[in-house]
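Below: the structure, in structure tokens.
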Amino acid sequence: MSTGQSTEADSRLLSADGPSPSPREQHSPSAGRSRPDGPTRADDAEDQPPRQAGRTRGAAIARTDAVADDDTYQQLLRQLHTNAGKNGTTGAVPRMVDIRRQLTEFQLHYKFGMDEVLTKINVLREEFEHTRDYSPIEHVNFRLKSLDRILDKVQRYGCEPTLEGIRGSIRDIAGIRITTSFVSDAYWVAEMLCSQPDLRVVEVKDYIRSPKPNGYQSLHVIVQVPVFLSNRTEFVYVEVQIRTVAMDFWASLEHKIYYTYSGEVPDDIHDQLRDAAEKAAALDRQMADIRDRVTALKEQAPSSGQGATGPTPAAADRPRTGPWFPDEDVPESEFPGEQASSAAWKWEDIAQQASSQQN
């Protein structure tokens, strides 16, 4: 994955390229294929440009956005210069080097946080592939949001254009997408991930049970993960999106349609996209029904060796019901409060220890 691709935005901030890809990113087949600027394609509606009624109005708004964009860059650059001065850096060239260091460190923290979560996902994936007859994880993609996209969101959200303001307001700078075969697998993977004691679940948006108006479906989970640095511990936000193959197919094409035509798509095409989303959801349900029928016949069929692509286990063997993503027919009273964990150490222990180290 190339997290440090040079962009026009980066060059405007002293060509602050991001960190180079780690060896694991370059060679790990389990991590999946990376993307330079997604997984938030059509899955993040806030990242899409608003659809305008006419090109004249769109051009005027584009000019206004360009002015605001320049102002955002200038404010961030002033803050970086101020930080360089606080560090005791004097002279133009040393300050430029210090600014570059600040931006690199900012990006590295998100890369490290993403690596931590990717490791957890890859552990689950390889466990299923090597020790089970079935793996619920089909593909894993990941990306770091570029500086261009980050500052675009800063402008739209109206948050403070400083590194501290960005850390607190934008939670999808590091993004991971997990693709599963079935809807039940999506909740199963989410439950396993959210139940890990060193991950803090910050926010869950279930667009599978409650699709967006345009038909988009996916399960979004924002987690916070501790990153243990040489002299302190940073808690980094990482967004994990989990969806089926059918959902991913629809979202990919919907994204291409909007961005190819600058968001100016006729209403009848919007209706067709919603209809396509409903058909994709129906396909998921149909395939799940077929899976359940085949699973019911499994005991009657002659036994044969099964690999990781074998049939899914019976519902009783898929322990996805839990405190984070319970089945709809399970009463909430069975899971009072937050998850219970028998782990020897928990998130609170990590946070307390990190706080004592920094003090």
Side-chain angles (χ1 to χ4, degrees), residues 1 3 21-35 38-40 43 110-144 172 174-201 204 208 217-227 236 238-249 251-252 284 287-288 291 295 305-315 317-322 324-325 339 341 343:
M1 171 177 130
T3 60
S22 66
R24 183 180 67 184
E25 289 172 342
Q26 293 175 330
H27 302 296
S28 172
S30 301
R33 181 173 56 88
S34 65
R35 296 175 54 86
T40 52
D43 33 334
Y110 285 98
K111 176 185 177 297
F112 294 156
M114 185 174 65
D115 286 344
E116 291 284 347
V117 180
L118 278 172
T119 297
K120 296 176 178 298
I121 295 170
N122 289 334
V123 166
L124 294 173
R125 185 179 189 180
E126 292 186 24
E127 178 193 4
F128 277 100
E129 289 180 348
H130 295 293
T131 67
R132 309 285 184 89
D133 288 337
Y134 173 77
S135 174
I137 300 175
E138 290 284 346
H139 310 290
V140 179
N141 291 37
F142 52 92
R143 66 95 180 94
L144 286 178
D172 65 343
I176 301 173
R177 183 192 304 129
I178 303 174
T179 306
T180 65
S181 298
F182 303 99
V183 173
S184 60
D185 290 343
Y187 288 107
W188 187 14
V189 171
E191 185 68 45
M192 288 186 288
L193 196 60
C194 292
S195 297
Q196 299 195 19
D198 55 341
L199 284 182
R200 179 185 179 188
V201 180
V204 176
I208 296 178
Q217 288 187 296
S218 184
L219 182 61
H220 292 196
V221 181
I222 295 178
V223 298
Q224 205 172 17
V225 59
V227 174
V236 179
V238 178
E239 183 185 53
V240 182
Q241 299 174 358
I242 310 174
R243 61 175 70 150
T244 66
V245 174
M247 296 173 189
D248 189 59
F249 169 76
S252 299
D284 273 332
M287 297 305 294
R291 171 204 60 187
T295 302
Q306 296 288 354
T309 58
T312 60
D317 298 327
R318 299 195 302 269
R320 73 172 178 84
T321 297
W324 289 110
F325 302 94
Q339 69 177 88
S341 175

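Note that this is a predicted model, so its numbers are computed, not measured.
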Next item on the list: Please report the closest heavy-atom contact between V117 and V223, naming both atoms and the distance.
Entry: CG2-CG2, 4.3 Å
Next item on the list: Please test R177 against D248 for side-chain contact (heavy atoms from CB on, under 4.5 Å), starting from the C-alpha separation and ending with a verdict.
Entry: CA-CA 9 Å; R177 183 192 304 129; D248 189 59; 3.3 Å; yes
Checklist line | Ion pair check, E129 and R125, cut-off under 4.0 Å | finding: yes
Notebook entry, point to check: If you round to the nearest 0.5 Å, how far is CD of E127 from CZ of R132?
Noted result: 5.0 Å
Next item on the list: Measure the spacing between CD of Q241 and OG1 of T179 and express it to the nearest 0.5 Å.
Entry: 10.0 Å
Item checked: Pair F142-L118, side-chain contact (heavy atoms from CB on, under 4.5 Å): steps then yes or no -> CA-CA 8 Å; F142 52 92; L118 278 172; 3.8 Å; yes
Checklist line | Shortest non-hydrogen contact from L199 toward L193 | finding: CD1-O, 3.6 Å
Next item on the list: Answer with yes or no whether the side chains of Y110 and D172 bring together a donor and an acceptor at under 3.5 Å.
Entry: no
Margin query: Could you walk me through whether I222 and V204 satisfy the side-chain contact (heavy atoms from CB on, under 4.5 Å) test, starting with their C-alpha distance in whole Å, then the side-chain angles of each, then the deciding distance to 0.1 Å, before giving a yes or no?
Written below: CA-CA 6 Å; I222 295 178; V204 176; over 6 Å; no
Note to self: Quick one, L124 and Q196 - any side-chain contact, counting heavy atoms below 4.5 Å?
What the structure shows: yes
Next item on the list: Heavy atoms only: give me the nearest V140-I176 pair and the separation to one decimal.
Entry: CG1-CG2, 4.0 Å
Item checked: Distance in Å, M192 CE paired with S195 OG, rounded so as to fall on 0.5 Å steps -> 9.0 Å
Next item on the list: Quick one: do Y187 and L219 satisfy side-chain contact (heavy atoms from CB on, under 4.5 Å)? Show the steps, please.
Entry: CA-CA 8 Å; Y187 288 107; L219 182 61; 4.0 Å; yes
Next item on the list: Kindly give the heavy-atom pair with the smallest separation between R143 and M114, and that separation in Å.
Entry: O-SD, 3.4 Å
Notebook entry, point to check: Any idea which heavy atoms bring D284 and T244 closest together, and the distance?
Noted result: OD2-OG1, 2.8 Å
Next item on the list: Would you kindly say whether S181 and R291 are connected by a side-chain donor-acceptor distance under 3.5 Å?
Entry: no
Margin query: How close do I242 and I208 get, counting heavy atoms only, and between which atoms?
Written below: O-CD1, 4.3 Å
Item checked: 4.5 Å side-chain heavy-atom contact, K111 and L144 -> yes
Checklist line | W188 and Y134 aromatic ring geometry - parallel, tilted or perpendicular at 30°/60° bounds | finding: parallel
